[in-house]
Amino acid sequence: MHQTSREMTEVLVQNQKLYQPSRAILKTARVKDYQGMLKKARRNPVKFWAEAANDIHWFKKWDKVFDDSHKPFYQWFAGAKTNLAYNALDRHIGTPVANKTAIFWEDESGRSRRYSYLELYHEVNQLVNGLKKLGVKKGDRVAVYLPNIPETAIALLACAKLGAIHSVVYAGYSAKALEERIKDAKAKILVTADGSFRRGKVVDLKSIADRAVKNCPRVKKVVVVKNNGQKIKFNRRRDIWYHELIKNQPVEAKCAVMSAEDPAFVLYTSGTTSKPKGVIHVHGGYAVQVLRTIKWVFDLRGNEVFWCTADPGWITGHSYIIYGPLMAGITTLMYEGVPDVPRPDRIWRLVEKYKVNVLYTAPTLIRLMMKYGNAWPQKHQMKSLRILGSVGEPINPAAWKWFHKYVGKNRCPIMDTWWQTETGAQMITPLPCAPLKAGSTGKPFPGIVADVVDKKGKPVPYGKGGYLVIKNQWPSMIRTIFNNPERYVKTYWQKIKAVYFTGDVAFKDKDGYYWIQGRTDDVLKIAGHRLGTAEIESAFAHHPAVVEAAVIGLPDPVKGESIKAFVVLKQGIKPSDKLQEELRHTVRQTIGPVAVIGAIAFTDKLPKTRSGKIMRRVLKAKELGLPLGDTSALI
Ligand code: PRX
């Protein structure tokens with residue numbers, strides 16, 4: 001949601017109110033002297049991260065903390081040996097954590113399960129042994145297409161433990177999108193489920209997976225988790241039930257000793273072209289920053305229960321449903337359902353039932369809850385809550401204040417955390433001890449150096465919008481784009497000289513607080529889901545009636561943004577409601593239900609630059625009745 005400069009000024013004036021941390025929060029906070037900590041880390045960020053690295057287990061310590069001799073292919077903890085899954089699981093075995101609840105899971109219909117750390121450890125080991133039997137080896141890619149269930153965590157941990165690289169594809173993607181990602185990663189195994197329920201309706205994951213795998217000859221085996229029990233087509237030669245694969249497997253397995261810089265996973269995300277980018281994260285640095293942030297930002301400890309409402313298919317789920325909470329040895333809650341089934345108080349009921357201490361969610365969900373009204377959270381006893389979190393898109397001050405008042409009862413600080421698939425972990429975020437401003441992500445996390453600059457990399461004055469950049473390197477940073485290092489260099493390190501280009505626009509206020517405005521205009525955030533305009537436009541072009549299309553995001557009161565498409569039809573084809581429906585269907589088939597098209601407008605031509613680039617910004621400005629602005633500023 002881009003704000004105009006008048007709105008920015010208003011935000012600046014209105015938001016000088018500081019929400020100070022309560023005494024109770026300060027008492028338990030791991031970091032109490034906020035300014036002191038920021039200063040200390042700023043003096044030597046590399047030293048800060050080296051200290052943080054002591055929180056994880058290393059089979060062998062590093063030779064060098066940070067190595068920039070092959071920039072921008074930076075390395076952290078080079079020479080060290082570790083394993084991400086070992087840190088999340090193995091290291092707890094034989095400690096009091098082993099008997100704690102690792103995962104609570106509940107689905108929409110109310111079925112529930114619980115795994116202790118020891119139970120989780122055993123099942124992960126069984127799957128490690130099972131996958132090995134299927135021929136999975138260190139460095140192989142395993143695609144995962146699963147709903148929000150414990151087996152997703154188990155599959156990821158098993159891959160990491162044996163040194164295979166997991167590639168999770170969000171279950172809201174279509175067969176085509178899944179196929180494309182499997183092919184790009186050259187995965188040889190797919191782990192999926194029979195299906196899932198969404199608002200009581202069956203989501204037929206297995207048949208989507210079948211359609212995807214049909215065109216992926218490299219995939220030798222499909223492991224199927226029995227989740228919702230629906231009938232599926234079973235290919236005896238290729239498919240194997242998850243429960244049969246792990247049955248009779250030993251509950252102990254060897255953990256692969258990985259180099260800190262070995263890839264742990266690839267996660268596809270949308271960028272400026274129609275081809276998604278396979279973002280690579282590694283075993284060492286990723287573990288260090290995910291653990292340090294979850295500990296400091298959410299201050300979790302002991303028997304606390306953490307609920308991150310994201311899906312494991314996105315980076316938020318990887319880092320803060322699975323790896324972060326498990327590395328911290330606390331309890332993570334997984335909910336396989338939508339927030340308003342059977343009633344709009346489902347979220348609050350779950351908070352009450354599982355005595356959730358920290359709730360980490362997204363602005364789109366907060367706005368939806370806000371729409372349902374104050375009465376719903378008030379029906380529930382949510383005394384367990386200590387800290388709240390938000391992620392994925394800008395949170396408008398009104399939603400922030402509602403969340404703070406009606407959910408946090410004015411006593412739970414809100415950690416509005418800015419980060420990306422590429423950053424791996426939180427980057428700009430308050431800590432519980434920091435004074436907060438409603439709608440701001442606060443300051444960079446200790447050890448992170450950010451700024452707001454113009455096209456040339458020159459810092460812009462306070463209150464003025466510009467490009468959000470990161471000026472140093474950080475342990476959980478993207479290492480490369482799978483199979484495409486040139487794209488990695490071009491996308492992140494060449495747009496503005498010598499800094500990491502985030503693709504976001506933001507401004508800083510006079511206190512150094514960041515206010516994120518949204519993406520520069522080629523990536524959309526629909527209900528927090530990241531989609532590329534080019535990806536959607538090429539999906540439209542799959543329809544035979546379409547010459548070309550341009551899509552933009554328009555402000556939406558709940559979803560943050562909704563998609564509007566401008567479509568040029570082939571000569572002689574007349575626009576109609578039926579055609580609109582067909583186009584929506586085509587996009588759904590190509591990308592998946594995650595890409596919901598709001599409005600479609602038929603047009604004769606699209607505004608373009610001389611070199612033929614579609615000027616989406618012009619379309620957007622026209623739609624919003626704004627001045628067309630300086631279109632040359634487009635990067
Ligand atoms: O535009 C920013 C927005 O989400 C983008 C990254 O999306 P993705 O890779 O899907 O990761 C989302 C979860 C980490 C960013 O470039 N974004 C993320 N967090 C915030 C945000 N925008 C504003 N405020 C945030 N807290």
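First listed ligand is number 1; within each ligand, the first listed atom is number 1. Keep in mind the model is a prediction, meaning the values are calculated, not measured. Positions are given from 1, in the same order as the sequence printed here.
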Review point. Do Trp493 and Phe501 have ring centres separated by under 6.0 Å?
Key: no
Check your understanding: What heavy-atom pair brings Trp296 and Arg30 nearest, and what distance separates the two atoms?
Key -> CD1-CD, 3.9 Å
Point to revise | Glu393 bridged to Arg519 by N-O distance under 4.0 Å | key: no
Point to revise | Residue selection (non-hydrogen contact nearest atom 8 (P) of ligand 1) among Thr421, Asp416, Leu267 | key: Thr421
Check your understanding: Between His318 and His166, what is the ring plane arrangement, given parallel below 30°, perpendicular above 60°, and tilted in between?
Key -> tilted
Revision key, fill the gap. re atom 7 (O) of ligand 1, the protein heavy-atom contact at minimum distance is Lys525 NZ, 2.8 Å
Exercise for review: Could you walk me through whether Glu422 and Arg530 pass salt bridge (Lys or Arg N to Asp or Glu O under 4.0 Å), step by step?
Suggested key: CA-CA 12 Å; Glu422 293 88 340; Arg530 178 168 164 178; 2.8 Å; yes
Review point. Of all residues at least two apart in sequence or in a different chain, which pass the salt bridge (Lys or Arg N to Asp or Glu O under 4.0 Å) check with Asp454?
Key: none
Point to revise | Backbone or side-chain N or O of Thr441 under 3.5 Å from ligand 1 N or O | key: no
Exercise for review: Check whether any heavy atom of Gly392 sits under 4.0 Å from an atom of ligand 1.
Suggested key: yes
Point to revise | The one among Glu393, Arg519, His318, Glu422 that brings a heavy atom closest to atom 25 (C) of ligand 1 | key: Glu393
Check your understanding: Taking only heavy atoms of Asp504, which atoms of ligand 1 are found under 4.0 Å from at least one of them?
Key -> 1 (O), 2 (C), 15 (C), 16 (O)
**Study point:** Ligand-side contact atoms (ligand 1) for residue partner Pro394, heavy atom cut-off under 4.0 Å
**Key:** 22 (N), 23 (C), 24 (N)
Review point. At their closest point, which heavy atom of Cys433 faces which heavy atom of Tyr34, and how far apart are they?
Key: SG-CB, 3.6 Å
Review point. Any Lys/Arg nitrogen of Glu537 or Arg616 sitting under 4.0 Å from an Asp/Glu carboxylate oxygen of the other?
Key: yes
Point to revise | Residue Thr316 vicinity, atoms of ligand 1 by number, heavy atom under 4.0 Å | key: 13 (C), 14 (C)
Review point. Relative to ligand 1, is Thr417 under 4.0 angstrom through side chain, backbone, both or neither, heavy atoms considered?
Key: backbone
Point to revise | Proximal ligand 1 atoms for Trp419, defined as those under 4.0 Å from one of its heavy atoms | key: 6 (C), 14 (C), 15 (C), 18 (C), 19 (N)
Point to revise | N or O pair under 3.5 Å between Arg530 and ligand 1 | key: yes
